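Quick notes on the structure that follows.
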Amino acid sequence: MKESEKLAADSIHELVRAAIKARRKSYSPYSHYQVGAALLMADGQIVTGCNIENAAYGPSNCAERTAFFKAVSEGMREFAAIAIVGSPEGEELTQYAYPCGVCRQVMREFCEPSQFQIIVAKSEEDYRVMTLAELLPEGFGPENLHCERE
């Protein structure tokens, strides 16, 4: 990723704030691990998501996928970045919450790996930025099936 394509600090801070706010809506009565995500569209809109658990575990959904599915269901398809925050319930943000493998694969479906930025944060000032390509090297995507993205 070129330096000029990286998000400005103000944009990162705004995304982290939105992810922190989304974390408060987490439904996590089983793991007690609350996650919030804020997905930045190419046009500047932000769509948030939180983790939503289920007693059967399998139907649970991560915050990142919640944000992506909300955006896609509204017809949005151009994504620039996502901020993710998470820590055990009742704690301030004490650790970086990296996306799971399933979430990385969902991101890969909709995003250009070398361009899409993933921000994991403990606060507005304490964060790490990486690309999807760094977190999912040699990922499998639509082009492997000779499918064109819409």
Side-chain angles (χ1 to χ4, degrees), residues 1-28 31 33-54 59-87 89 92-150:
M1 173 180 318
K2 297 174 192 163
E3 194 65 35
S4 63
E5 296 171 340
K6 290 186 179 179
L7 289 176
D10 288 348
S11 295
I12 292 172
H13 295 174
E14 180 181 8
L15 274 179
V16 171
R17 275 193 304 273
I20 291 169
K21 186 175 178 182
R23 179 178 174 254
R24 294 184 195 120
K25 297 176 184 175
S26 169
Y27 178 76
S28 48
S31 73
Y33 191 84
Q34 298 176 314
V35 182
L39 180 60
L40 178 65
M41 307 298 109
D43 68 2
Q45 290 184 75
I46 296 174
V47 175
T48 60
C50 64
N51 58 320
I52 303 167
E53 295 181 349
N54 186 286
S60 296
N61 203 52
C62 297
E64 302 91 301
R65 282 184 283 144
T66 299
F68 265 92
F69 295 163
K70 282 172 61 177
V72 171
S73 73
E74 294 298 323
M76 299 174 204
R77 298 284 193 284
E78 296 183 23
F79 309 105
I82 192 167
I84 307 161
V85 299
S87 279
E89 181 179 3
E92 292 302 313
L93 298 173
T94 58
Q95 54 193 258
Y96 296 112
Y98 288 88
C100 74
V102 174
C103 288
R104 293 175 197 201
Q105 186 62 44
V106 168
M107 292 175 196
R108 179 65 180 84
E109 181 68 22
F110 296 102
C111 303
E112 170 55 46
S114 65
Q115 301 301 311
F116 187 70
Q117 296 175 67
I118 299 169
I119 301 143
V120 293
K122 293 182 190 178
S123 71
E124 287 182 50
E125 294 77 31
D126 186 356
Y127 59 85
R128 296 176 179 170
V129 182
M130 63 226 65
T131 64
L132 178 56
E134 291 171 309
L135 285 182
L136 187 66
E138 305 300 325
F140 185 85
E143 67 281 355
N144 295 106
L145 300 173
H146 303 292
C147 297
E148 295 294 321
R149 288 195 174 127
E150 294 179 16

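Since the model is a prediction, treat every value here as computed from it, not as a measurement.
Side-chain N or O atoms of Arg23 include none that pairs as donor or acceptor with a backbone N or O of Val35 at under 3.5 Å. Asn144 contributes a side-chain N or O that, together with a main-chain N or O of Gly141, makes up a donor-acceptor pair within less than 3.5 Å. When atom types are taken as modelled, the side chain of Arg104 and the backbone of Leu135 share a donor-acceptor pair closer than 3.5 angstrom. In this structure, Thr66 contributes its side chain and Cys62 its backbone to a donor-acceptor pair below 3.5 Å. Counting only distance, with no hydrogens or angles, the side chain of Gln105 and the backbone of Cys100 share no donor-acceptor pair below 3.5 Å. Within the 3.5 Å criterion, the main-chain N or O of Asn54 finds a donor-acceptor partner in the side chain of Ser60. For Tyr27 (side chain) and Asn51 (main-chain N/O), no donor-acceptor pair under 3.5 Å exists by modelled atom type.
Within a 6.0 Å radius of NZ in Lys70, other residues, nucleotides and ligands contribute more than 12 heavy atoms. No more than 12 heavy atoms of other residues, nucleotides or ligands sit less than 6.0 Å from atom CD of Glu78. Within 6.0 Å of NZ on Lys122 lie more than 12 heavy atoms contributed by other residues, nucleotides or ligands.
Atom CZ of residue Arg65 and atom CG of residue Leu39 lie 14.0 Å apart, to the nearest 0.5 angstrom. Here the CE-CE distance, from Met76 to Met41, works out to 6.0 Å after rounding to the nearest 0.5 Å. For the atom pair Met107 CE and Glu112 CD, the distance stands at 15.0 Å (nearest 0.5 Å). For the atom pair Cys111 SG and Gln117 CD, the distance stands at 11.0 Å (nearest 0.5 Å). Here the CG-SG distance, from Asn61 to Cys50, works out to 9.5 Å after rounding to the nearest 0.5 Å. For the atom pair CD of Glu125 and CD1 of Ile12, the computed distance is 11.5 Å after rounding to the nearest 0.5 Å.
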Verdict with supporting geometry, Ile118 and Thr131, side-chain contact (heavy atoms from CB on, under 4.5 Å): CA-CA 6 Å; Ile118 299 169; Thr131 64; over 6 Å; no
Criterion side-chain contact (heavy atoms from CB on, under 4.5 Å) on Ile119 and Ile84, from CA distance to verdict: CA-CA 6 Å; Ile119 301 143; Ile84 307 161; over 6 Å; no
side-chain contact (heavy atoms from CB on, under 4.5 Å) between Met130 and Phe116, worked out: CA-CA 8 Å; Met130 63 226 65; Phe116 187 70; over 6 Å; no
side-chain hydrogen bond (donor to acceptor under 3.5 Å, both in side chains) evaluation trace for Glu92 with Thr94: CA-CA 6 Å; Glu92 292 302 313; Thr94 58; over 6 Å; no
Worked verdict on Ile82 versus Glu64 for side-chain contact (heavy atoms from CB on, under 4.5 Å): CA-CA 8 Å; Ile82 192 167; Glu64 302 91 301; 4.0 Å; yes
Audit row: Glu53, Ser31, side-chain hydrogen bond (donor to acceptor under 3.5 Å, both in side chains) steps and yes/no: CA-CA 8 Å; Glu53 295 181 349; Ser31 73; 2.3 Å; yes
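In terms of heavy atoms, Ala97 sits closest to Gly86 at CB-N, 3.6 Å. Pairing each heavy atom of Val72 with each of Arg77, the nearest pair is O-NH1, 3.0 Å. Leu7 and Ala81 get closest at one heavy-atom pair: CD1-CB, 3.5 Å. Taking each heavy atom of Val120 and Pro99 in turn, the nearest pair found is CG1-CD, 4.5 Å. In terms of heavy-atom proximity, Glu14 sits nearest to Ile46 at OE2-CD1, 3.7 Å. Residue Asp126 comes nearest to Ser123 through the heavy atom pair N-OG, 3.0 Å, listed as atom of the first residue, atom of the second, then distance.
The aromatic ring centroids of Tyr96 and Tyr127 lie 6.0 Å or more from each other.
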